[in-house]
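Contents: one structure, followed by commentary.
Values below: all heavy atoms of this structure, side chains included; hydrogens, waters and symmetry mates excluded.
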Amino acid sequence: MKWIFTYLAFLNFLDGFITYFGIQYGYIQEGNPLMEFVYNANPVFFLVLKVALSCFLVALISAQSFSFRRPIPELSFVASILYIQR
């Protein structure tokens, strides 16, 4: 289960940097309306938010008291599949 969180943290981190630089140089547009709003409000905050979310996932992995009970494993798996489908 922890590997899925690690995978999601890595994808989110990578997505943040690729999206940030892709939008900055006009190669891509943000597909998520909420993240597009955040980017348009403050591009640096967008990048900080993406990094912070990745760090949060890594913190959950290292927390000994965090339990991976239902529905967390299922939701994590669905999220990882949706991430690669974009």
Side-chain angles (χ1 to χ4, degrees):
M1 183 69 239
K2 290 183 179 185
W3 70 269
I4 291 178
F5 272 42
T6 304
Y7 177 70
L8 285 172
F10 173 74
L11 285 180
N12 187 59
F13 183 80
L14 187 62
D15 176 57
F17 279 95
I18 290 172
T19 302
Y20 176 81
F21 288 108
I23 294 173
Q24 283 290 100
Y25 293 105
Y27 294 120
I28 62 171
Q29 294 179 338
E30 175 60 59
N32 179 339
L34 178 61
M35 293 310 286
E36 180 182 26
F37 174 78
V38 172
Y39 182 88
N40 288 334
N42 187 333
V44 174
F45 179 70
F46 167 86
L47 193 54
V48 168
L49 181 62
K50 294 292 271 185
V51 170
L53 289 172
S54 294
C55 290
F56 176 72
L57 284 174
V58 171
L60 282 179
I61 293 166
S62 1
Q64 297 298 325
S65 62
F66 185 75
S67 98
F68 293 97
R69 293 189 199 135
R70 289 191 144 183
I72 292 173
E74 291 83 1
L75 291 174
S76 300
F77 183 73
V78 169
S80 65
I81 295 297
L82 291 175
Y83 230 120
I84 61 173
Q85 293 296 319
R86 299 203 279 149

Which atom names give the shortest non-hydrogen contact between [X] and [Y], and what distance separates them?
X   : Y   : value
S76 : F5  : OG-CE1, 2.9 Å
S54 : A9  : OG-O, 2.9 Å
G16 : F46 : O-CE2, 3.7 Å

Listed partners of F45 passing ring pair (Phe, Tyr, Trp, His ring centres under 6.0 Å), at least two apart: none
Inter-residue atom distance [X].[atom1] - [Y].[atom2], 0.5 Å rounding:
X   : Y   : atom1 : atom2 : value
I18 : I23 : CD1   : CD1   : 12.0 Å
L8  : W3  : CG    : CH2   : 9.0 Å
N42 : F37 : CG    : CZ    : 11.0 Å
F13 : L47 : CZ    : CG    : 8.0 Å
I81 : I4  : CD1   : CD1   : 8.5 Å
M35 : L49 : CE    : CG    : 4.5 Å

task: Report the C-alpha distance between K50 and Y20 in whole Å, list the side-chain angles of each, state the deciding distance to 0.1 Å, and finish with yes or no for side chain to side chain contact (heavy atoms under 4.5 Å, CB included).
output: CA-CA 10 Å; K50 294 292 271 185; Y20 176 81; over 6 Å; no
Say whether [X] and [Y] are linked into one hydrophobic cluster, either directly or through other cluster members, by side-chain heavy-atom distances under 4.5 angstrom.
X   : Y   : result
F56 : L75 : no
V51 : L11 : no
F77 : I61 : yes
L53 : L14 : no

task: With sequence neighbours excluded, tell me which residues meet side chain to side chain donor-acceptor pair (under 3.5 Å) with E36.
output: none
- request: Taking side chain to side chain donor-acceptor pair (under 3.5 Å) as the test, write out the residues that go with Y39, two or more places apart.
  value: Q24
query: Parallel, tilted or perpendicular for Y27 and Y25, by the 30°/60° rule?
result: tilted
